[in-house]
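A quick note: this is a predicted structure, and the numbers were derived from the prediction, not measured. Sequential numbering from 1 along the given sequence is applied to the chain's residues.
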Amino acid sequence: MYKKISYMGGLLGITFALTLGTAHAQDYNLKLGHTGAPNHHFETISTQYADLVSERTNGHVKITTYPSDSLGKQTELVEGTMIGTNDMVLTSDAVLSNMVPEVGVINLPFLFRDSEHVRHVLDGEIGEELAERVKAQGAVVIGWWENGFRHVTNDKQPITRPDDLKGMKIRVPEGPVFVETFKALGANPTPIPFSELYSALQLGVVDGQENPPAHILTQKFYEVQDYVSRTGHIYLSSPVLINRILFESMPAEYQQVLLDTGREMAAKHTQLVLAQEDEQWREIAAMGMEINDVDKEPFVEATRPVIDKYRQVFGDSLIDRIQSTP
């Protein structure tokens with residue numbers, strides 16, 4: 001009897017150990033959607049991220065990327081990631097700010113000096129504080145990845161001063177700060193989903209739009225726009241989100257891999273974007289667009305009331321901390 005119990009106990013112990021091992025080695029097959037074209041740096045960095053995560057988890061966490069909004073439109077994917085109907089999304093902070101208003105502080109006009117300033121802010125305490133706001137809405141920020149500083153294109157005339165924008169219908173992302181900024185510049189801001197932007201330009205629904213050079217090039221906006229003015233008016237980050245419940249259900253070491261690799265790729269993404277931009281501007285010019293630089297000071301002055309207004313929304317302290325970050 002004793003031997004029989006011992007045998008059964010040993011068998012149960014082995015079964016329990018195997019069960020633990022199986023649970024620990026569970027495979028996670030995640031889907032990550034984004035709006036970039038297959039030749040956009042969003043897809044380049046997302047694929048690199050997926051490869052590293054798979055390697056660092058011995059293949060137990062696999063991420064499949066879906067470019068060009070093929071998994072769904074940005075708003076749908078962000079909402080889905082928060083409620084659990086979508087795994088992951090690489091999105092824009094402008095879209096995210098509709099669900100987490102505090103994130104909109106990133107998009108205040110002329111808030112950041114350069115890309116180094118951006119990285120110091122978003123990879124530091126302020127980025128962590130904003131990530132906590134996002135977490136409260138159901139998603140974990142894997143990293144604040146790169147999109148870049150934005151520039152205005154249109155099919156009417158070169159933009160050299162704010163008055164040149166008066167009356168122009170400019171497509172902007174679905175974020176309130178963008179709308180306020182272009183109202184301050186005298187334009188008629190028109191929120192349109194990114195996936196519908198090319199056709200809106202082609203059909204004359206809007207006169208222009210604003211985006212970093214990578215989107216101008218990979219979305220072929222040069223086919224339907226004649227002028228690009230390097231205003232650098234707003235910085236847009238690209239947060240990578242994962243559903244919080246899904247994330248917290250994973251083993252701690254997998255969570256850490258996702259977070260550590262996400263932070264690593266954020267810095268790499270910025271360097272990738274900076275390295276590509278000179279060549280992108282050359283290609284845009286070769287495609288026939290007229291490119292001009294602007295004196296930014298009149299644009300800064302025209303949009304200063306936007307900063308002042310949003311001090312009441314985000315608080316003086318947060319904006320001052322961002323501006324004073326080295």
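Ser97 places no side-chain N or O within 3.5 Å of a backbone atom of Pro101 that could act as its donor or acceptor partner. Using a distance-only test at 3.5 Å, with no hydrogens or angles considered, a donor-acceptor pair links the side chain of His151 to the main chain of Thr231. Side-chain N or O atoms of Ser229 include one that pairs as donor or acceptor with a backbone N or O of Ile159 at under 3.5 Å.
In this structure, the side chains of Val121 and Ile106 stay at 4.5 Å or more apart for every pair of heavy atoms. Side-chain contact check for Thr181 versus Ile234: some heavy-atom pair is nearer than 4.5 Å. Considering only heavy atoms from C-beta on, Asn188 stays 4.5 Å or farther from Ile170 through its side chain. Here the side chains of Pro176 and Tyr310 are in contact, with some heavy-atom distance below 4.5 Å. Using a 4.5 Å heavy-atom threshold, the side chains of Pro67 and His40 count as separate. The side-chain heavy atoms of Arg304 and Glu301, taken from C-beta on, include a pair separated by under 4.5 Å. Residues Ser92 and Val95 are in side-chain contact: their nearest non-hydrogen atoms beyond the backbone lie under 4.5 Å apart. Contact annotation: the side chain of Asp320 approaches that of Gln323 to within less than 4.5 Å [non-hydrogen atoms, C-beta and beyond].
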Derivation of the side-chain contact (heavy atoms from CB on, under 4.5 Å) call for Tyr198 and Val224: CA-CA 8 Å; Tyr198 184 94; Val224 288; 3.9 Å; yes
Check against side-chain contact (heavy atoms from CB on, under 4.5 Å), Tyr227 and Met289: CA-CA 5 Å; Tyr227 306 97; Met289 291 193 82; 5.7 Å; no
Arg230/Trp281 under side-chain contact (heavy atoms from CB on, under 4.5 Å): CA gap, chis, key distance, verdict: CA-CA 10 Å; Arg230 293 193 282 208; Trp281 285 122; 3.4 Å; yes
Stepwise side-chain contact (heavy atoms from CB on, under 4.5 Å) test for Tyr49 and Val53: CA-CA 6 Å; Tyr49 177 69; Val53 167; 3.7 Å; yes
Pair Thr65-Glu43, side chain to side chain donor-acceptor pair (under 3.5 Å): steps then yes or no: CA-CA 7 Å; Thr65 62; Glu43 179 65 4; 2.9 Å; yes
Step-by-step salt bridge (Lys or Arg N to Asp or Glu O under 4.0 Å) determination, Glu264 to Arg56: CA-CA 13 Å; Glu264 178 184 331; Arg56 292 170 179 177; 3.0 Å; yes
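Salt-bridge formation is not detected for the pair Lys268/Glu146: no Lys NZ or Arg NE/NH1/NH2 atom is positioned less than 4.0 Å from an Asp or Glu carboxylate oxygen. Using a cutoff of 4.0 Å between basic side-chain nitrogens and carboxylate oxygens, Glu76 and Lys73 are not scored as salt-bridged. Ion pairing of Arg119 with Glu116 is absent here, as no side-chain N (NZ or NE/NH1/NH2) approaches a carboxylate O to less than 4.0 Å. In this structure, Arg161 pairs ionically with Asp164, as a charged nitrogen and a carboxylate oxygen lie closer than 4.0 Å. Using a 4.0 Å cut-off between charged nitrogen and carboxylate oxygen, Arg321 and Glu129 count as a salt-bridge pair. Between Lys169 and Asp207 there is no salt bridge, since no side-chain N of the basic residue sits under 4.0 Å from a carboxylate O of the acidic one.
Residue Leu52 holds its CG atom at 11.0 Å from OG1 of Thr47, rounded to the nearest 0.5 Å. Interatomic distance, OG1 of Thr91 versus CD of Gln74, reported as 4.0 Å (0.5 Å rounding). Once rounded to the nearest 0.5 Å, the distance linking CZ of Arg150 with CD1 of Ile216 reads 9.5 Å. To the nearest 0.5 angstrom, Glu196 atom CD is 10.0 Å from Asp69 atom CG. With rounding to the nearest 0.5 angstrom, the NZ atom of Lys135 is 14.5 Å from the CG atom of Leu130. Rounding to the nearest 0.5 angstrom, the gap separating the CG atom in Leu274 from the NE2 atom in His41 is 10.0 Å.
Looking only at atom types and distance, the side chain of Thr153 has no donor-acceptor partner in the side chain of Glu210 under 3.5 Å away. Of the N and O atoms on the side chains of Asn211 and Gln209, at least one donor lies less than 3.5 Å from an acceptor on the other residue. Asp93 and Ser237 share a side-chain donor-acceptor pair at under 3.5 Å. Using modelled atom types, one finds no donor on one side chain facing an acceptor on the other under 3.5 Å when comparing Thr81 with Asn243. If you check the side chains of Asn154 and Asp226, you find no donor sitting under 3.5 Å from an acceptor.
One hydrophobic cluster holds both Leu108 and Val118 under the rule that ILVMFWY side chains link at heavy-atom gaps under 4.5 Å.
Checked against a 6.0 Å centroid threshold, the rings of Phe182 and His233 count as neighbours.
Across all non-hydrogen atoms, the minimal contact from Leu90 to Ser238 is CD1-O, 3.4 Å. Taking every heavy atom of both residues into account, Gly33 and Leu71 meet most closely at N-CD2, 3.8 Å. The two residues Pro162 and Phe299 make their nearest non-hydrogen contact at N-CZ, 3.7 Å. Among all heavy-atom pairs drawn from Val294 and Asn292, the shortest one is CG1-ND2, 3.8 Å. Residues Ile322 and His117 come closest through the heavy atom pair O-NE2, 2.7 Å. The heavy-atom pair separating Ile142 from Met88 by the smallest distance is CG1-CE, 4.4 Å.
At most 12 non-hydrogen atoms from other residues, nucleotides or ligands lie less than 6.0 angstrom from CZ of Arg133. The number of heavy-atom neighbours closer than 6.0 Å to CD of Glu297, taken from other residues, nucleotides and ligands shown, is above 12.
Put simply, the residue from Phe42, Phe221, Tyr222 that forms a ring pair (Phe, Tyr, Trp, His ring centres under 6.0 Å) with His215 is Phe42. Tyr235 pairs in a ring pair (Phe, Tyr, Trp, His ring centres under 6.0 Å) with only one of the listed residues (Trp144, Phe110, Phe149), which is Phe149.
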